[in-house]
2 protein chains.
Amino acid sequence: MGAIETAIDTVKQMIIDGELRPGQKLPVEKNLAEQLGVARNTLREAVRALVAMRVLQTRQGDGTYVTSLSPDLLLDGMSFVADIHLDAGAGEFLHVRRILEAEATALAATRIPDADLARLGDLLDEAETVAACDPVDHEKMVALDQDFHALIASHCGNAVLAAVIQNMSGRTVRARVWRGMSDPEAVHRTLREHRAVHRALLARDSERARLHAALHVLGVEESLTGSRAFAGEAAHG
Amino acid sequence: MGAIETAIDTVKQMIIDGELRPGQKLPVEKNLAEQLGVARNTLREAVRALVAMRVLQTRQGDGTYVTSLSPDLLLDGMSFVADIHLDAGAGEFLHVRRILEAEATALAATRIPDADLARLGDLLDEAETVAACDPVDHEKMVALDQDFHALIASHCGNAVLAAVIQNMSGRTVRARVWRGMSDPEAVHRTLREHRAVHRALLARDSERARLHAALHVLGVEESLTGSRAFAGEAAHG
DNA sequence: AACTCCAATTGATCCGATGAATGTGATTGG
DNA sequence: CCAATCACATTCATCGGATCAATTGGAGTT
């Protein structure tokens with residue numbers, strides 16, 4: 001095994017074993033390189049790899065530190081995975097997101113504070129205002145959509161679940177979904193579904209919330225594959 | 001923003017934009033560094049970070065290539081996240097795994113080929129043989145357990161779902177769970193649950209498979225939290 | 001006590017050189 | 001002509017040193 005990989009695994013193992021704790025400062029590059037028996041440049045590449053994984057954090061002039069290692073931090077590389085698979089695998093990502101978001105919404109129904117329920121309502125009001133404009137500000141809609149789902153997920157009581165959901169659909173994927181909604185009716189359908197989820201949360205009804213959340217993501221899935229035909233939209237026409 | 005982060009994001013964006021495709025060879029370090037306007041060492045640290053994310057792959061004497069970018073490859077850093085959170089967050093990871101594994105098992109019920117159903121049976125037979133030995137070879141049990149779940153997940157028809165499940169519980173977490181099963185009865189209960197999942201798959205019954213899979217993971221969760229704490233206290237005292 | 005300024009510390013970046021692994025094409029033997 | 005072998009060019013891996021930039025902490029001043 002190469003020297004760099006060895007150095008990476010050594011630091012990883014030190015963290016797993018508890019020798020390095022979150023927030024702790026590492027020795028200076030010169031000493032740590034000597035301790036691991038590699039050149040400073042080699043150590044830097046190992047450190048850089050761990051920084052990319054959000055395991056370490058460097059501050060010029062200060063030192064290198066272990067991050068908080070919180071799941072939401074370490075899992076945020078997943079959004080890049082979702083972004084580069086928006087052609088072939090977007091449907092698969094959305095399927096996973098549907099499963100997880102349904103569960104998270106059900107969990108949040110009994111945990112989200114009243115204040116944040118009100119904030120969800122505000123987000124929806126703002127989204128409807130934006131949707132009424134012509135032309136629609138898609139970037140604003142993407143941001144509001146993301147805030148809505150993130151706020152719910154953050155109150156499911158499971159940080160790992162929230163982090164995975166948050167990163168399951170990257171910005172690029174979400175932006176593409178909204179770009180595809182040039183049809184005003186599709187935008188309004190999405191807003192109706194969000195309202196339905198919100199009402200279920202207000203009623204503290206986990207099962208209703210679960211179903212509406214699942215149905216909402218399913219609608220997104222079907223609008224991506226172009227196979228929505230029988231649902232609510234045909235009834236309107 | 002630093003030069004290295006700029007280089008990382010540039011390469012990432014080239015992949016998202018399709019300028020760099022899976023399997024494609026990158027220019028030699030010297031040229032690419034010049035093209036991005038950084039020194040070779042700086043570029044190497046950027047490349048090393050992308051290698052750590054499984055986005056690039058380097059072969060000494062040959063060159064640097066874009067990987068297949070398949071979800072199972074890019075998501076395998078998650079196992080490290082699971083490993084370092086086995087103290088505080090193991091329960092949360094298992095909760096997510098329970099949700100996903102239940103769905104994947106239900107999906108696999110109608111998709112897994114007969115040959116692999118037979119192979120699942122072989123795995124269970126072997127596991128029972130190992131469990132009957134004294135002392136039990138825990139490493140062998142961990143490997144068989146992992147094979148069992150991986151084989152099912154691989155036939156759920158969703159590569160992303162399979163990859164997330166596969167990496168949701170890292171080796172360390174799984175090993176710890178099995179180490180905790182010094183009680184022969186816990187081992188036998190796990191094997192019974194595996195058999196139940198297997199029978200449901202044989203019957204091609206998605207709902208039965210879903211329930212048994214969820215129940216199985218739930219059992220692991222409970223053995224880690226409530227019961228295990230009790231048993232551990234008693235054993236220590 | 002609070003502020004300013006400077007020097008030490010530390011990571012960031014760059015440069016050049018050598019080692020190691022791979023691919024390629026010429027050479028050689030059949 | 002074909003196959004095996006070997007030397008060479010290419011390329012990444014690793015190393016040591018040098019300079020730049022940002023932060024920190026203490027000396028000195030008000």
Side-chain angles (χ1 to χ4, degrees), chain A residues 1-15 19-69 73-74 76-77, chain B residues 1-15 19-69 73-74 76-77:
Chain A
M1 183 159 46
I4 295 181
E5 294 177 19
T6 304
I8 292 176
D9 290 342
T10 302
V11 175
K12 269 189 175 180
Q13 198 59 45
M14 285 170 71
I15 291 176
E19 298 177 39
L20 287 177
R21 301 201 152 276
Q24 186 173 340
K25 185 174 179 177
L26 271 66
V28 296
E29 288 182 343
K30 188 172 178 297
N31 294 351
L32 187 55
E34 188 177 359
Q35 176 180 336
L36 297 181
V38 298
R40 183 160 167 258
N41 258 325
T42 305
L43 173 71
R44 273 191 62 79
E45 292 191 28
V47 169
R48 178 57 57 177
L50 291 166
V51 169
M53 302 182 214
R54 305 287 194 271
V55 172
L56 297 182
Q57 177 193 4
T58 59
R59 294 196 321 198
Q60 186 177 176
D62 186 3
T64 303
Y65 298 83
V66 181
T67 68
S68 66
L69 300 178
L73 197 66
L74 272 61
D76 82 340
Chain B
M1 180 161 46
I4 294 181
E5 293 177 19
T6 304
I8 292 176
D9 289 342
T10 302
V11 175
K12 267 189 176 181
Q13 198 58 45
M14 286 171 70
I15 291 176
E19 296 177 41
L20 286 177
R21 301 199 151 279
Q24 187 173 339
K25 185 174 180 177
L26 270 67
V28 295
E29 287 180 345
K30 186 172 178 296
N31 294 351
L32 186 55
E34 188 177 358
Q35 176 181 337
L36 297 181
V38 297
R40 185 166 163 256
N41 251 327
T42 305
L43 173 71
R44 272 190 63 80
E45 292 190 27
V47 168
R48 179 59 54 180
L50 291 166
V51 167
M53 303 181 213
R54 305 289 195 270
V55 171
L56 297 182
Q57 176 192 4
T58 59
R59 294 198 318 198
Q60 186 177 175
D62 187 0
T64 303
Y65 298 83
V66 181
T67 67
S68 66
L69 299 177
L73 197 65
L74 272 63
D76 81 340

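When reading the values below, keep in mind they use all heavy atoms of this one structure, side chains included, and skip hydrogens, waters and symmetry mates. Proteins come first, then strands; the chains are lettered A, B, ... in the order of their sequence lines, and each starts at number 1.
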The criterion is side-chain hydrogen bond (donor to acceptor under 3.5 Å, both in side chains); which residues satisfy it with B:Thr6, sequence neighbours excluded?
none
Restricting to side-chain hydrogen bond (donor to acceptor under 3.5 Å, both in side chains), what partner residues turn up for B:Asp62, sequence neighbours left out?
B:Arg59, B:Tyr65
Using a cutoff of under 3.5 Å, can you pull out all pairs of nitrogen or oxygen atoms linking the protein to nucleotides 11-14 of chain D, with atom names and distances?
{"from": "D:dT11", "atom 1": "O2", "to": "B:Gly61", "atom 2": "N", "distance (Å)": "3.2"}
{"from": "D:dC12", "atom 1": "OP2", "to": "B:Glu29", "atom 2": "N", "distance (Å)": "3.1"}
{"from": "D:dA13", "atom 1": "OP1", "to": "B:Thr58", "atom 2": "OG1", "distance (Å)": "2.7"}
{"from": "D:dA13", "atom 1": "OP2", "to": "B:Arg44", "atom 2": "NH1", "distance (Å)": "2.7"}
{"from": "D:dA13", "atom 1": "OP2", "to": "B:Arg44", "atom 2": "NH2", "distance (Å)": "3.2"}
{"from": "D:dA13", "atom 1": "N7", "to": "B:Arg40", "atom 2": "NH2", "distance (Å)": "3.4"}
{"from": "D:dT14", "atom 1": "OP1", "to": "A:Ala3", "atom 2": "N", "distance (Å)": "2.6"}

Kindly state each residue pair satisfying salt bridge (charged side-chain N to carboxylate O under 4.0 Å, His left out) with at least one member in residues 3-12 of chain A, sequence neighbours excluded.
none
Provide the full list of salt bridge (charged side-chain N to carboxylate O under 4.0 Å, His left out) pairs with a residue in residues 32-41 of chain B, sequence neighbours left out, each pair given once.
B:Glu29-B:Arg40
Quick one: list whatever passes side chain to side chain contact (heavy atoms under 4.5 Å, CB included) with [X], sequence neighbours left out.
X	answer
A:Gln13	A:Ile16, A:Asp17
A:Thr67	A:Gln57, A:Leu69, A:Leu73, A:Leu74
B:Thr58	B:Val47, B:Val51, B:Thr64

Hey, could you give me each pair passing side chain to side chain donor-acceptor pair (under 3.5 Å) that has a residue in residues 19-28 of chain A? Not counting sequence neighbours.
none
With rounding to the nearest 0.5 angstrom, report the CG to OG1 distance, B:Leu20 to B:Thr10.
11.0 Å
Between the CG atom in B:Asn41 and the CD1 atom in B:Ile4, the distance rounded to the nearest 0.5 Å is 9.0 Å
Could you list all N or O pairs between the protein and nucleotides 5-8 of chain D that sit under 3.5 Å apart?
none

Tell me the closest heavy-atom pair linking A:Ala7 and A:Ala46, and the distance in Å.
CB-CB, 3.8 Å
Derivation and outcome, side chain to side chain contact (heavy atoms under 4.5 Å, CB included), residues A:Met14 and A:Leu26
CA-CA 11 Å; A:Met14 285 170 71; A:Leu26 271 66; over 6 Å; no
Chain B footprint on DNA chain C, 5' to 3' - any atom under 4.0 Å from a heavy atom:
C:dT13 to C:dG23
Does DNA chain C take part in any stems of at least 3 consecutive Watson-Crick or G-U pairs (both distances under 3.5 Å), and if so, which ones?
C:1-30 with D:1-30
